[in-house]
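Below is one structure, written out as structure tokens; comments come after it.
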Amino acid sequence: MAVQKLKKTKRTEAENLQFIRKHRQSFMLNDLEFQALTKYFKKYKIKNRAKFLRETIMGTIIKKFEEDYPRLFEVPEKQQEEKNPQ
């Protein structure tokens with residue numbers, strides 16, 4: 001089977017300006033955290049470390065936002081446990 005390439009859509013100049021990364025963030029790791037991260041990068045052959053960290057962090061944040069988003073008929077777990085003690 002041939003691998004199909006995804007078509008890249010062209011963005012307008014205004015859209016390109018929206019996606020420019022201009023806000024730098026940095027954080028510190030202790031020795032064990034750094035060793036674990038370095039080992040992970042080597043094991044899974046990750047070449048673009050910044051992209052990996054950005055996607056991992058933003059993926060976690062977006063997932064949390066989706067979990068915290070209010071639902072119309074969803075009962076919070078704490079209220080459900082109080083109503084149905086076992």
Side-chain angles (χ1 to χ4, degrees):
M1 272 187 167
V3 177
Q4 293 180 350
K5 291 186 178 182
L6 296 175
K7 292 182 180 180
K8 291 187 177 183
T9 58
K10 299 253 180 182
R11 293 186 193 146
T12 65
E13 189 65 31
E15 289 173 329
N16 283 338
L17 290 175
Q18 178 183 2
F19 291 107
I20 292 177
R21 293 186 186 98
K22 55 187 172 188
H23 302 284
R24 180 180 300 267
Q25 296 292 313
S26 63
F27 60 96
M28 304 288 287
L29 300 172
N30 64 31
D31 291 336
L32 291 175
E33 293 167 336
F34 182 74
Q35 287 174 357
L37 193 60
T38 304
K39 185 176 181 178
Y40 187 91
F41 289 149
K42 286 180 183 176
K43 181 178 180 178
Y44 295 103
K45 299 175 184 168
I46 296 172
K47 302 223 185 292
N48 191 338
R49 296 176 179 197
K51 178 182 176 184
F52 171 80
L53 292 172
R54 186 172 48 250
E55 288 176 351
T56 303
I57 293 167
M58 293 308 298
T60 302
I61 291 170
I62 291 169
K63 181 179 175 184
K64 184 68 174 167
F65 279 157
E66 289 175 355
E67 290 172 1
D68 292 346
Y69 193 78
R71 304 289 193 271
L72 186 58
F73 295 109
E74 188 174 315
V75 178
E77 289 181 30
K78 289 182 181 180
Q79 289 180 356
Q80 191 172 14
E81 289 174 7
E82 291 172 358
K83 290 180 182 179
N84 299 326
Q86 295 180 5

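Any value given below was found using the heavy atoms of this structure, including those in side chains, with hydrogens, waters and symmetry copies removed. All figures in this text were calculated on a predicted structure; none of them were measured in a lab.
In the hydrophobic cluster analysis, where Ile, Leu, Val, Met, Phe, Trp and Tyr join through side-chain heavy atoms closer than 4.5 angstrom, Leu32 is grouped apart from Leu37.
Between the CE atom of Met28 and the CD atom of Glu33 there is a distance of 10.5 Å, given to the nearest 0.5 Å. Here CD of Gln35 is found 11.0 Å from CG of Leu29. Values are rounded to the nearest 0.5 Å. Atoms CG and OG1, from Leu17 and Thr12 in turn, are 8.5 Å apart once rounded to the nearest 0.5 Å. Here the CD atom belonging to Glu55 is positioned 8.0 Å from the CG atom belonging to Asn48, to the nearest 0.5 angstrom.
For Phe52, the ring pair (Phe, Tyr, Trp, His ring centres under 6.0 Å) partners at least two apart in sequence or on another chain are Tyr40, Phe41.
Counting heavy-atom neighbours within 6.0 Å of Arg21 CZ, excluding the residue itself, gives a total of 12 or less. Residue Asn16 qualifies as enclosed at atom CG: its count of foreign heavy atoms under 6.0 Å is above 12.
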Review item, side-chain donor-acceptor pairs of residues 58-70, under 3.5 Å, at least two apart:
from  : atom 1 : to    : atom 2 : distance (Å)
Thr60 : OG1    : Thr56 : O      : 2.9

